[in-house]
Peer 1: 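The structure is given below, and queries will be raised subsequently.
Computed from heavy atoms alone, side chains included, the values below leave out hydrogens, waters and symmetry copies. Numbers restart at 1 for each chain; the letters A, B, ... are given by sequence-line order, proteins then strands. Predicted model, so just to flag it, every value in this text is computed and none were measured.
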Protein chains: 2
Amino acid sequence: MRPYSQVIEQLRNAGLRPTRQRLALAKLLFENSPRHVTAETLHAEAQAASVPVSLATVYNTLHQFTDAGLLREVVIDPQRSHFDTTTTNHGHFYFEETGTLQDIPASDVVLAKMPSLPAGTKATSVEVVVRLSAN
Amino acid sequence: MRPYSQVIEQLRNAGLRPTRQRLALAKLLFENSPRHVTAETLHAEAQAASVPVSLATVYNTLHQFTDAGLLREVVIDPQRSHFDTTTTNHGHFYFEETGTLQDIPASDVVLAKMPSLPAGTKATSVEVVVRLSAN
DNA sequence: ATGGTACATTAGAAATGATATAAGATGTTG
DNA sequence: CAACATCTTATATCATTTCTAATGTACCAT
């Protein structure tokens, strides 16, 4: 059994070597997928799991995974970047008090129609963001 | 004719004095509304218009206007915050190459239904973001 | 397999850049 | 004029990026 053969394959396709750090972070990310992390929270998790990895490497890895299509960056928090293991278009709830994210079930977000795009452009993502505060 | 009576009124309602700087920034913002700015671009505009105002004041003013409901903060760019003179819920195109924003006509963004919210929360905004790259 | 070489990757520290804060100077209101 | 808000400049903060030396990895030839 080779639990990461798929991730390894995707890393190779992206020209990324399957290093110890990348595999450890991939394990944390995808073993409990779907989930959302920030560089800080993932770094803290790695430390807690006794995976020695520097914060700079966490940042690099998150961006490399994003470029490789394994993650999606979610820009929703003015303070920090979030990353999502679900890479298909979908919406998010953002809890303003806690700064955490939650996926909106795809069935709950239905765009009646796709807006017509400016000439010469193509859409790289379509996202619906609902900001929430305590009631 | 008092071109800013409305803005002055709204500032007063928010407990903000209509100072020279605030009125000058309001003029830049709302005279060519609807529009989008960042702290940097608005500061540069003020300088160009010979309105001496510090960058710190621009930041403060943008947030005060946002709290007063005159502006809306748009979180869409991992690098900086954008502010929009249109405060009602609406969508944005984000041009990844240039980092600029453009409103999506409201008629073009129609949510088939509002997602059901987690218990104990209320939505403070609903936004649709379409990221664009060159075709 | 083994050793070697080129190159990718990592870590830690330092740099960067947007934004926030502090303290003193200035403006505004009553 | 007194009380207080606002502005400015400089400084602080914090997330993120960059730099550089050390280390790891892949590929090649033996």
Peer 1: Can you name the side chain to side chain donor-acceptor pair (under 3.5 Å) partners of Gln10(A), sequence neighbours left out?
Peer 2: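 Checked Gln10(A) against side chain to side chain donor-acceptor pair (under 3.5 Å); zero matches.
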Peer 1: Taking the hydrophobic residues Ile, Leu, Val, Met, Phe, Trp and Tyr, and joining any pair whose side-chain heavy atoms are under 4.5 Å apart, which ones share a cluster with Tyr94(A)?
Peer 2: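 Once heavy-atom contacts under 4.5 Å are chained together, Tyr94(A) belongs with Val74(A), Ile76(A), Leu101(A), Val129(A).
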Peer 1: Distance under 4.0 Å to a non-hydrogen atom of chain A counts as contact; along DNA chain D, which nucleotides mark the start and end?
Peer 2: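 First-to-last contact on DNA chain D, by the 4.0 Å heavy-atom rule, is dA15(D) to dA26(D).
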Peer 1: Can you run down the salt bridge (charged side-chain N to carboxylate O under 4.0 Å, His left out) pairs that involve residues 58-80 of chain A, sequence neighbours left out, and say none if there aren't any?
Peer 2: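 Non-adjacent pairs meeting salt bridge (charged side-chain N to carboxylate O under 4.0 Å, His left out): Asp77(A)-Arg80(A).
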Peer 1: What are the residues of residues 41-59 of chain B, sorted by number, that bring a heavy atom to within less than 4.0 Å of DNA chain D?
Peer 2: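 When residues 41-59 of chain B is checked for heavy atoms under 4.0 Å from DNA chain D, the hits, listed by number, are Pro52(B), Val53(B), Ser54(B), Ala56(B), Thr57(B).
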Peer 1: Just grab all the salt bridge (charged side-chain N to carboxylate O under 4.0 Å, His left out) pairs involving residues 39-58 of chain B, residues at least two apart or on different chains.
Peer 2: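 Pairs touching residues 39-58 of chain B that pass the test: Arg35(B)-Glu45(B).
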Peer 1: Near DNA chain C, counting only heavy atoms under 4.0 Å, which residues of residues 64-78 of chain B show up?
Peer 2: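 Of all residues in residues 64-78 of chain B, none places a heavy atom under 4.0 Å from DNA chain C.
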Peer 1: On DNA chain D, compare the nucleotides closest to Gln79(A) and Arg20(A); which residue's is nearer the 5' end?
Peer 2: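 It is Gln79(A), whose closest nucleotide lies nearer the 5' terminus.
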Peer 1: Under the side chain to side chain donor-acceptor pair (under 3.5 Å) rule, collect the residues that match up with Thr85(A), sequence neighbours excluded.
Peer 2: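 Side chain to side chain donor-acceptor pair (under 3.5 Å) list for Thr85(A), sorted by chain: Ser33(A).
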Peer 1: Test: salt bridge (charged side-chain N to carboxylate O under 4.0 Å, His left out). Region: residues 13-23 of chain A. Which pairs qualify, not counting sequence neighbours?
Peer 2: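 Matches after skipping sequence neighbours: none remain.
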Peer 1: Under 4.5 Å between side-chain heavy atoms, chaining through other members, with only Ile, Leu, Val, Met, Phe, Trp and Tyr counted: pull out the rest of the cluster around Val75(A), sorted by chain and number.
Peer 2: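 Other cluster members: Val75(B).
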Peer 1: Compute the bend angle of the helix from dA1(C)-dT30(D) to dG30(C)-dC1(D) from the end axes (five pairs per end), rounded to 10°.
Peer 2: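 End axes: 30° apart.
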Peer 1: Pairs under 3.5 angstrom only: tabulate donor-acceptor contacts from the side chains of residues 114-123 of chain A to other protein residues two or more places apart or in another chain.
Peer 2:
residue, atom, partner, partner atom, Å
Ser116(A), OG, Asp108(B), OD2, 3.2
Thr121(A), OG1, Pro118(A), O, 2.6
Lys122(A), NZ, Ala134(B), O, 2.9

